[in-house]
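A note on names: the letters A, B, ... follow the listed sequences, proteins ahead of strands, and every chain is numbered from 1.
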There are 4 protein chains.
Amino acid sequence: MTEKPRPLRADAARNRARVLQVAYETFAEEGAAVPIDEIARRAGVGAGTIYRHFPTKESLFRAIVADRLRQVVERTREQAAVDPGEGLYAFLVHMAEQGATDLGLTEAFAGIGFDLAEALPDVEKEFTGLMADILAQAQRAGTVRSDVDVADIKTLIVGLQAMRRFRGDSELMHRVYPVIRAGLAAPPD
Amino acid sequence: MTEKPRPLRADAARNRARVLQVAYETFAEEGAAVPIDEIARRAGVGAGTIYRHFPTKESLFRAIVADRLRQVVERTREQAAVDPGEGLYAFLVHMAEQGATDLGLTEAFAGIGFDLAEALPDVEKEFTGLMADILAQAQRAGTVRSDVDVADIKTLIVGLQAMRRFRGDSELMHRVYPVIRAGLAAPPD
Amino acid sequence: MTEKPRPLRADAARNRARVLQVAYETFAEEGAAVPIDEIARRAGVGAGTIYRHFPTKESLFRAIVADRLRQVVERTREQAAVDPGEGLYAFLVHMAEQGATDLGLTEAFAGIGFDLAEALPDVEKEFTGLMADILAQAQRAGTVRSDVDVADIKTLIVGLQAMRRFRGDSELMHRVYPVIRAGLAAPPD
Amino acid sequence: MTEKPRPLRADAARNRARVLQVAYETFAEEGAAVPIDEIARRAGVGAGTIYRHFPTKESLFRAIVADRLRQVVERTREQAAVDPGEGLYAFLVHMAEQGATDLGLTEAFAGIGFDLAEALPDVEKEFTGLMADILAQAQRAGTVRSDVDVADIKTLIVGLQAMRRFRGDSELMHRVYPVIRAGLAAPPD
DNA sequence: TATGAATGAGTGTTCATTCAT
DNA sequence: GATGAATGAACACTCATTCAT
């Protein structure tokens, strides 16, 4: 029974996209606590314009998180289709990268003041489904030990995102990610 | 150029200790965004009293972090003396635990809006020294692969703290910590 | 120095009438604080269209008040022609009814943030003239005491409108209006 | 189980009283829609000071209304003790006076955006009780017709307050109040 | 010295009005 | 002419910090 969301006027669509982009960058840099006015300033629009497109600050935040996660899901599915044994690792790397540049996403994913499953149930479901698929694939391919489950993977993502923000991407990938990977690949005790 | 910190009167010292304790608990529960008035209320003192001992909210936060880290250092040194091969693992577990119960400390350690080396250079130096010692010990004992360094361990702590806040202590210890440990113990490629 | 109001195009005239009607209903239901956008939404026009016909929100409000008062004047004149002794009472009842359903009109009439004589001098003049006429008629007919004047009647209207909004129409008519009427009919002390 | 409201410090008590007084005057002049900042400005305090004493704008408004109504109740009881037949009329006059100078009180009493019975049940109860008492007294004394009840009196107060704001006190008392009084004194049809 | 009251800049959000499409 | 998007000045309320008591 949702209203057909009639296409936005060209200028409005441009502004909406611009707000999303700037809000993404700003939340990424400053975390979810940045004032809306700061986002408006950076986007070169009035605060009211943001509120025309997103009724609350939280809804703007949600829109960004949903967008990011959808991109990760898509890229991961593509890669997992090509190399099932590597799908999970590719996913971990994507998520670490996202968390690196995106303070807001990390907070959202770690549930700091934001419950993903409650706020974006659809995205959460698709996301969890993806993880279950690629984890099972990797376990069948023998690249991931058999005793880890989806909850463990989620936990590792939270950890990797935190680490990625703490450490440069190149260093994380060359020095710490191999440790995690070795731990995941190791046979259970 | 530091003032000689003349000894506090007994009641003032008691107040200072009480504020530290309550502030620790409160930041741990509520995160760094909790109002100073809430800490004052819980401590049963006026807000002014807190500002007498700590000139800004941030300085109070710093004092707590320093205090916590000193405790971890002490406990870790004791355990490392007993079993050098386990010292580093004991340390990781202590830090994860601290991060678990201490939202404020995690933020501080991960450098979210707070740079430890800049804010508390003395503590940071001692802390890094400890890590170098116990890492070297473990590598000599053969329990940790030879190609990880202190920076890698710091990074893993950031990750573990984030994970510990995301996941219950028992589950983290039984399900994810073994993965990290297996990765650290594995021989380099 | 007023612009000659050149005749509106048919569609524009239709829009203007529609806005007036919807604005009347909306102000009546929601009071003068209702956003212009809400009126536009209900009327199925853009906000800009309202501003084309009425340069400010207040001017729209004025137009409605004028319209309503003209209707009351007309109906009252008709009834007073039939029964001069009852004309004033019919008028009071009409005005109370208007105030009942029309939060905006009541505010306008009572001068809450809106001065009728200043804002709509023409309407005010006609309105006052009507009251003078029907009051004199009623006094000649002996149905209203001789010592009340037009200002008193205006005052009573303000009171009746306030009362009507406070109390249901039926109850006001059966229980309180008779008291007012008895007071007006009573001979002067 | 209410906290014993320990006595305020002298300066705080002075400020609280000042805020109440200024807020009373300001609401009276401007109505309930005045910004809190305006009240703060007039009182010569920061907005935060008002919020220290009254947690919301509405609670400040409530405090004023309660205070005013209690004064009216008290004065009316005194006068009714002296002359039972006049008690109700004295009450009507008091309430009209209050409404005259107090736009906020009128709005509260007429229920414009504020439900007295819900917001201040104690005051409302005492108030209604007073009206029942003095109305019965007056009816026993024969100064008020037997067929009006408390709800009718409330309605008349709403009307009188609206009228009093519309018309000067002296004129209302000399010209319109006698009409109401005659209507109330008249025998039922 | 301790208290907690006062300050005032800052936050999310709304809405009358203007203006590009 | 009509549309509805953009603007930006409010507003209620919060909180780190200062200061009178």
Residue-phosphate contact under 4.0 Å: C:Asn15 side-chain N/O, F:dG1 OP1/OP2: no

Nearest-Å distance for atom pair CD1/P, residues A:Ile36 and E:dT14: 11 Å

Nearest heavy atoms of C:Ile36 and C:Ala47, plus distance in Å: CG2-CB, 4.4 Å

Phosphate OP1/OP2 of E:dA6 contacted by D:His53 side-chain N/O (<4.0 Å): yes

Sugar-phosphate only, base, or nothing, as touched by B:Val19 at under 4.0 Å among non-hydrogen atoms: nothing

Whole angstrom value for the distance that separates C1' of F:dT14 from CD of B:Glu38: 14 Å

Value in whole Å for how far the P atom of E:dT17 lies from CZ of C:Phe54: 14 Å

B:Asp67 vs B:Tyr24 side-chain heavy atoms within contact, under 4.5 Å: no

Under-4.0 Å side-chain N/O to phosphate OP1/OP2 contact, D:Thr49 with E:dA5: no

Rounded interatomic separation in angstrom, taking CD1 from C:Ile39 and C1' from E:dC15: 12 Å

B:Arg18 vs B:Val45 side-chain heavy atoms within contact, under 4.5 Å: no

Nearest-nucleotide 5' precedence on DNA chain E, B:Asp37 against A:Tyr51: B:Asp37

A:Leu60 side chain reached by A:Ile64 side chain, heavy atoms, under 4.5 Å: yes

D:Arg14 vs A:Arg52, nearer the 5' end of DNA chain F by closest nucleotide: A:Arg52

5' priority, DNA chain E, between B:Gly46 and A:Lys57 [closest heavy atom]: B:Gly46

Integer-rounded Å distance: F:dA6 P and A:Arg18 CZ: 12 Å

Side chain of D:Val45 - closest among F:dC11, F:dA16, E:dT7: E:dT7

Minimum-distance nucleotide to A:Ala12 side chain [options: F:dA5, F:dA2, F:dT17]: F:dA5

Minimum side-chain heavy-atom gap D:Arg16-D:Phe54 below 4.5 Å: yes

Toward the 5' end of DNA chain F, by each residue's nearest nucleotide, B:Gly48 or C:Ile50: C:Ile50

Separation of F:dT3 P from A:Asp11 CG (nearest whole Å): 16 Å

Euclidean distance, atom CG of residue C:Leu60 to atom C1' of E:dT17 [Å, nearest integer]: 14 Å

Complement of E:dT21, any strand, by Watson-Crick or G-U distances under 3.5 angstrom: F:dA2

